[in-house]
Amino acid sequence: MTLRSPGRTDATDTLTGGPRRRRAFGFGGSRRARGGAPLPLLVPALIGLAFLTLPLVALLIRAPWRSMPELLTSPEVWQALRLSLVCATAATAVSLVIGVPLAWLLARVEFPGRGLVRALVTLPLVLPPVVGGVALLMALGRNGVVGKWLDSWFGVTLPFTTTGVVIAEAFVAMPFLVISVEGTLRAADPRYEEAAATLGASRFTAFRRVTLPLIAPGVAAGAVLAWARALGEFGATITFAGNFPGRTQTMPLAVYLALQNDPESAIALSLVLLAVSVAVLAGLRDRWMSAS
């Protein structure tokens with residue numbers, strides 16, 4: 001055994017940079033590289049930035065700012081805007097009611113096939129929206145697997161109705177909520193729930209009084225993401241609910257229709273959706289920055 005004084009630096013450490021390197025970079029090597037970016041990385045990075053921002057800048061440049069108030073207050077645009085806000089809010093409420101328990105199940109309960117269930121839950125994230133609309137028709141249409149029973153037993157028809165819009169938007173938006181809440185639940189300390197259980201609280205009471213307040217920021221972030229996704233949904237909505245003004249024509253559908261007949265109205269509606277997206281990003285910025 002070789003003893004060294006606390007202030008002494010061994011020659012091997014000096015040559016190899018052992019302790020000094022660990023002190024400089026930390027055990028995880030967390031020090032960021034300084035200096036200018038290398039040209040082979042800088043050029044494609046700038047091209048990527050231009051590729052993502054140029055269409056948005058072009059939208060702002062070509063916007064009919066002088067006639068914007070008149071365009072946004074027209075009855076057709078206001079109808080689509082009001083219907084979009086109502087349906088997106090209703091779809092978010094549906095996602096909260098059934099999505100938060102689903103996220104808790106995936107995060108807290110061990111059961112066979114949990115990985116498969118998680119894959120099925122997240123499938124709408126990568127599924128083409130039009131395919132999602134066709135799947136909803138096959139399930140809930142008048143001749144669908146479940147829809148035919150709803151029609152024959154209760155006289156309920158979901159496709160091409162406002163309720164169908166809510167269902168289509170909830171189908172594509174709920175995975176965003178589930179992923180956000182599940183991640184928050186996995187990060188939360190389960191010992192608080194166990195402590196509540198030792199004090200006599202049931203599992204549901206522990207979830208309602210202990211877990212839910214802990215994960216409230218994650219639930220709020222997931223709800224905002226789901227609302228924004230529902231507001232911008234197009235493919236599943238037009239396939240499952242159609243495009244009927246005042247009943248199923250949401251803002252993305254109105255943009256598509258106006259682009260053929262009135263491009264200025266299409267740009268005005270697009271700017272509204274862009275403003276909503278920017279507001280969502282600004283609202284979630286603090287959460288993302290604190291998680292990075």
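All values below come from the heavy atoms of this structure, side chains included, with hydrogens, waters and symmetry mates left out.
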Return the minimal non-hydrogen interatomic distance between [X] and [Y], and the atom names on each side.
| X | Y | result |
| --- | --- | --- |
| Ala223 | Leu177 | N-CD1, 3.5 Å |
| Phe171 | Pro124 | O-CB, 3.6 Å |
| Leu136 | Ala168 | CD1-CA, 3.7 Å |

Decide yes or no for [X] and [Y]: does some side-chain heavy atom of the first lie under 4.5 Å from some side-chain heavy atom of the second?
| X | Y | result |
| --- | --- | --- |
| Val156 | Leu158 | yes |
| Trp227 | Leu85 | yes |
| Leu60 | Trp65 | yes |
| Val145 | Met138 | no |
| Phe176 | Leu125 | yes |
| Cys87 | Thr162 | yes |
| Leu59 | Ser270 | yes |
| Pro159 | Leu137 | yes |

Item to check | side-chain contact (heavy atoms from CB on, under 4.5 Å) between Val86 and Leu83, intermediate numbers included | outcome: CA-CA 5 Å; Val86 170; Leu83 184 65; 5.5 Å; no

Flag, side chain of [X] to backbone of [Y], donor-acceptor distance under 3.5 Å:
| X | Y | value |
| --- | --- | --- |
| Glu233 | Gly235 | yes |
| Ser67 | Glu70 | no |
| Thr248 | Ala241 | yes |
| Thr198 | Ala195 | yes |
| Ser180 | Gly218 | yes |
| Glu169 | Ala88 | yes |
| Ser265 | Ala258 | no |

Drop me the distance from [X]'s [atom1] to [Y]'s [atom2], to the nearest 0.5 angstrom.
| X | Y | atom1 | atom2 | answer |
| --- | --- | --- | --- | --- |
| Thr157 | Leu140 | OG1 | CG | 11.0 Å |
| Leu214 | Phe207 | CG | CZ | 11.0 Å |
| Thr184 | Ile179 | OG1 | CD1 | 11.5 Å |
| Leu253 | Phe244 | CG | CZ | 10.5 Å |
| Ile238 | Thr250 | CD1 | OG1 | 8.5 Å |
| Phe204 | Thr211 | CZ | OG1 | 11.0 Å |

Crowded around Tyr256 OH? As in, over 12 foreign heavy atoms under 6.0 Å? no

In this structure, are over 12 heavy atoms from other groups packed under 6.0 Å from Asn143 atom CG? no

Decide whether [X] and [Y] are clustered together by the hydrophobic rule: side chain heavy atoms of Ile, Leu, Val, Met, Phe, Trp, Tyr closer than 4.5 Å, transitively.
| X | Y | value |
| --- | --- | --- |
| Val255 | Leu56 | yes |
| Val178 | Leu212 | yes |
| Val131 | Phe234 | no |

Check: residues 94-122 side-chain donor-acceptor pairs under 3.5 Å, at least two apart:
| unit_1 | atom_1 | unit_2 | atom_2 | d |
| --- | --- | --- | --- | --- |
| Ser95 | OG | Ala91 | O | 2.9 |
| Arg108 | NE | Glu193 | OE2 | 3.0 |
| Arg108 | NH1 | Leu185 | O | 2.9 |
| Arg108 | NH2 | Leu185 | O | 3.2 |
| Arg108 | NH2 | Glu193 | OE2 | 3.1 |
| Glu110 | OE1 | Arg114 | NH2 | 3.4 |
| Glu110 | OE2 | Arg114 | NH2 | 3.1 |
| Arg114 | NH1 | Leu106 | O | 3.1 |
| Arg114 | NH1 | Val109 | O | 3.1 |
| Arg118 | NE | Glu182 | OE2 | 2.9 |
| Arg118 | NH2 | Leu106 | O | 3.3 |
| Arg118 | NH2 | Glu182 | OE2 | 2.8 |
| Thr122 | OG1 | Arg118 | O | 3.0 |
| Thr122 | OG1 | Ala119 | O | 3.2 |

Do Thr92 and Thr89 pair up side chain to side chain, a donor and an acceptor below 3.5 Å, judged on atom types alone? no

Inter- and intrachain pairs under salt bridge (Lys or Arg N to Asp or Glu O under 4.0 Å), touching [range], at least two apart:
| range | result |
| --- | --- |
| residues 242-267 | none |
| residues 195-212 | none |
| residues 135-144 | Arg142-Asp151 |

For Ala173, the side chain to side chain contact (heavy atoms under 4.5 Å, CB included) test, sequence neighbours excluded, returns Ala226, Arg229, Ala230

Under a side-chain separation threshold of 4.5 Å, the hydrophobic residues clustered together with Val43 are Leu39, Ile47

